[in-house]
Q: 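Let me give you the structure first, and then I'll get to my questions.
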Amino acid sequence: MTTTEIKHTQPNQAETNQQPRTVEVAVPLPLDTTFHYRVPEPLASRIQPGVRVFVPFGRRKVTAYVLRFSRPPEGQQLKDLLDVLDPEPLWTDAELTFFQWIADYYLHPLGEVLKTALPSGINLQSRSSADGEAVSGGKKIRHERIFSALSADAPAKLRGKGLDILAFLRQSGPVSSAELKTRFGECSPNLRRLVELGLVQTSDREVYRDPFAGLIVAKDSPKSLTLHQQQALTTILAAVDNKQFAPFLLHGITGSGKTEVYLQGIAHTLAAGNNALVLVPEISLTPQLVQRFRARFSDGIAVLHSALSDGERYDEWRRIRRGEVRIVIGARSAIFAPLERIGIIVVDEEHEASFKQSDGLRYNARDLALVRGQQEQATVLLGSATPLITTRFAAQQGKLGYLSLPERVANRPLPATSIINTRMTAESPLSPQLIEALSENLERGEQSLLFLNRRGFASWLVCPSCGADLQCPNCSVSLTYHRQRRKSLCHYCDYQVPAPCICPACGELELKEMGVGTERIEHELLERFPDARIARMDSDTTGGKGGHARILDKVGRGEVDILVGTQMIAKGHDFPGVTLVGVLQAEGSLYLPDFRATERTFQVLSQVIGRAGRGELAGRVLLQAMTPDHYGIAYAADHDFERFYQEELLFRQELNYPPYGFLAAIKLSATSEKSLTTAAEQSAAVLRAIKSRLGLRVEILGPAPAPLYRLRGRFRQQILLKDASRAALRRLLTAYRREQSLPATVRAAIDIDPVDLL
DNA sequence: AGCACGCCGACT
DNA sequence: GTCGGCGTGCTC
C-alpha cells in the first residue's frame, strides 16, 4: 500500500471516438522518423502523450515515447503496442515541444533527445526479442516500512521495550522503522510481536533517497546590497513581474556578489508563485554555491549532477515532476529537468565550456536556457565575470539586457597583479621574483596557489640536434610526455605512442625534455621548500569520488601552504587564506589550434587571478609569461574585460570570424579505419557538391587534416564546416542528410553559437 | 543502434 | 564445400 498520492498532471481525456486509436511515438535510436502504433483496447485508458510504451520494432521490442495521438497514416499496416510503462506522463506538452525544438536544432533524433532528457536510472528498458526476454533498466522506487498503533488494548503480559514502543507509537502516530531503530535500538522482534498481537499495523511508504541526508545548514537571510547590485536587482525583479521572456547578461567581476543577486531574484520569483532553475558548470566543484541556496531557501531544492547515484537522481527527478520542488540546481543536464512554471533561469559562469555536452546529443545548456526561457516566458540571467565574446556582443546589440557589477563588495581591492617577462630567463620554470614571493608568504604563514595549465611532468620531447618535436598526427599539437607511463600522448584525442628514446627524424640519441607540467613543479617546490606543505591538484591526483573535495578541504583547513594545479584550482572554491597566486606560462593556452584560444586564455587567467585576496588579507598575483604584451594576458592582468573584448572583436574581424563565430562538425564513425576513410572522402565530396549546387558560402575543413582517431572501439573523424550564416549551414546539413549516396555510418551534429536564437 | 540478408575470400 | 568478414537496407 502506498500512502503517497500520485498527482496526475493531465486529466485523462476520454475520447469517445470508437475507431481504433493510434499514437505517434519516437524511438531512442538514431532514426529521423517517428512511428505509429495501434493502441489495443485494454490499454486505451492508460495511454496519453508523454508516457513510455513498449512496442514491437522490427524483430525486437523497444521502449518508445508517445508524442501524440495520431491519424493513422494511409496504406500502412500498423502494429499494436504491447504495454504502457508509465501511470502518468513523463513530460508535459510544453516540454515535448522543447525537446522537439532541440531535435530539430541539433539535427538529432527526437527519441534520443528524450532518452537523454531522462534520468539514467529509468532510462531505457530495452528488452531483446530473444525468448529469454532480458529486461534491463527500470530503477526501483524505494519504500520504507511504517508502523502505527491500533486502538486494541494491550495485554497485561506485554512489558519492557515492546510496551515502550507501543506507548511511543500511540503518542506519535505513524513512524518509520528507521526512526524506531534510532530511538529504541534493534527492535524488529518486538515490532513483529506487536503486529502479531494486533496492536500495531504496518504499511509501506515511498521514500526519496536524499543526497543531503544528515547535512545541517545554518539559516541565512538576504544581505544588504551595493548600489550596483541594487540596480541590477531592480531590473531583474521588474522582468520577473512582467512574466515575459527577458534575457540578461549579469556581468560581475569576481567578488562583486552575483550570487546574492541570483538569490534575491529567485526569492522574488518564488514569492510570485513561479519556480527557479539554476545551472552551474560543475556542481561538484561548487558545493559552496549549493550551500548558500540551502541556507537561504532550506526546503524545496533539488540538486542534479553527475555525482548522484542513479537512484538519487531518479528520486530528485520524481520530486521535481510532482511539483514538490521550487528550485532546481544542477549541471548542464538540469536544463531538461521536468520543472513547471519556470519564472527564472540562472546560468552561472555562462562562459564555461562544461555547459557543452560533446557526445551523443551535442547540446549547450547555456543556449538551451535561452530557448527554454523563451518558451516559458521566463527571465534568464547569464552570469559571468568573463562573459563569452558572443554574449557580450549580443548585449551590445541589445539582444539581451546588460547588467554590470563593476565593483567588489565591501570595497575589497582587486589583487595587485604584475607580469614577469620570462622570455630571456627560461632556465627555471620558477622565476626569482616568484620564488621570493613564495618564501615571503611561507614566512608569514599565508597560502599560495600556483597555476599551470599543463599536467604531466615535461610537456614534450625535442631533439637537440634537428629540433624535431613529436606531434600528434591528428590534432597538430605537441604530444605531452608522461614520465611515469613512459609515453607521449595527445591530450586532445588520446593518440599515444611509447616515448621514443631516439629522435625519429635524425636518430639523435638523447632527446631533451621541454616545458614543464604540474608534476615537475611540485618536485621543484619540494626541493626548494622542503619544510612547506605542498599539494598538487590536477586530473592525475583527483581520480576517484571526492578527489577534488579531499584536496580542497585540506587547503580550506589551512593544511596546505602551496597548492599547485591546473584549471581546476581556478574554479569554484573560495580560499580566504590565499594571498598569493602565481601563474606559470600564462601564454600556455594561447596558441592552441582554436580560434577561441585567446578568449579562453583571458577567461582562465581572470579566474585564477580572482582567487587571490578573497578573505580579509589583500592578494597579489605574479604572472609569468613569455609574451607579456599579448592582449589576452595584459588585459587579464589589468582586470579589464572591456578592452579585451574590443580588441578581440577587432582580431576576429581581421580573421573574418564573426563575433559569434561557430563551427559545425559532421561526425563520421565506423568500425573499421578503411571504411571510415572512404566514407570521409565521399562525405566531403558530397558536401562540396551540395555547397556549389546551393551556392553557399561555407568553408569545408577536411577530411584530410581533420582528426582521425579511435574512441571506444570505433573510428571517428570529423569534417568541420565554417560559415557566418547559420541558415546556410543548416541548408547544407539538411541536404547532406538527404543525399542518397551517403554511407550509412555518417552522422551529423552541429556546434553553434546562439546569437541568432535571440 | 541492432538485426538479417547477401555476397565473396581462406579455412576445418 | 562452409565460416565469417562487412556492406546494405529496414524498422510503424
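First the proteins, then the strands, lettered A, B, ... as listed; each starts at 1.
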Q: Can you list the residues that meet the salt bridge (charged side-chain N to carboxylate O under 4.0 Å, His left out) rule with A/Glu95, with sequence neighbours excluded?
A: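 Salt bridge (charged side-chain N to carboxylate O under 4.0 Å, His left out) list for A/Glu95, sorted by chain: A/Arg321, A/Arg372.
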Q: For nucleotides 10-12 of chain C, give me every protein contact, N/O to N/O, under 3.5 Å, one pair per line with atom names.
A:
{"unit_1": "C/dT11", "atom_1": "O3'", "unit_2": "A/Gly58", "atom_2": "N", "d": "2.9"}
{"unit_1": "C/dC12", "atom_1": "OP1", "unit_2": "A/Tyr37", "atom_2": "OH", "d": "3.2"}
{"unit_1": "C/dC12", "atom_1": "OP1", "unit_2": "A/Pro56", "atom_2": "O", "d": "3.2"}
{"unit_1": "C/dC12", "atom_1": "OP1", "unit_2": "A/Gly58", "atom_2": "N", "d": "3.4"}
{"unit_1": "C/dC12", "atom_1": "OP2", "unit_2": "A/Lys79", "atom_2": "NZ", "d": "2.4"}
{"unit_1": "C/dC12", "atom_1": "O3'", "unit_2": "A/His36", "atom_2": "O", "d": "2.8"}
{"unit_1": "C/dC12", "atom_1": "O3'", "unit_2": "A/Lys79", "atom_2": "N", "d": "2.8"}
{"unit_1": "C/dC12", "atom_1": "O2", "unit_2": "A/His36", "atom_2": "N", "d": "2.8"}

Q: In chain order, what residues pass the side chain to side chain contact (heavy atoms under 4.5 Å, CB included) check against A/Glu350, with sequence neighbours excluded?
A: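 Residues passing side chain to side chain contact (heavy atoms under 4.5 Å, CB included) with A/Glu350: A/Val347, A/Arg366, A/Leu382, A/Ser384, A/Pro387, A/Leu388, A/Thr391.
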Q: List the residues meeting ring-ring contact (aromatic ring centres under 6.0 Å, His included) with A/Phe355, not counting sequence neighbours, and say none if there are none.
A: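 ring-ring contact (aromatic ring centres under 6.0 Å, His included) check on A/Phe355 returns nothing, list empty.
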Q: Under the side chain to side chain contact (heavy atoms under 4.5 Å, CB included) test, which residues partner A/Thr97, sequence neighbours left out?
A: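 Expected list: none.
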Q: Residues in ring-ring contact (aromatic ring centres under 6.0 Å, His included) with A/Tyr37, at least two apart?
A: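 For A/Tyr37, no residue satisfies ring-ring contact (aromatic ring centres under 6.0 Å, His included) once neighbours in sequence are set aside.
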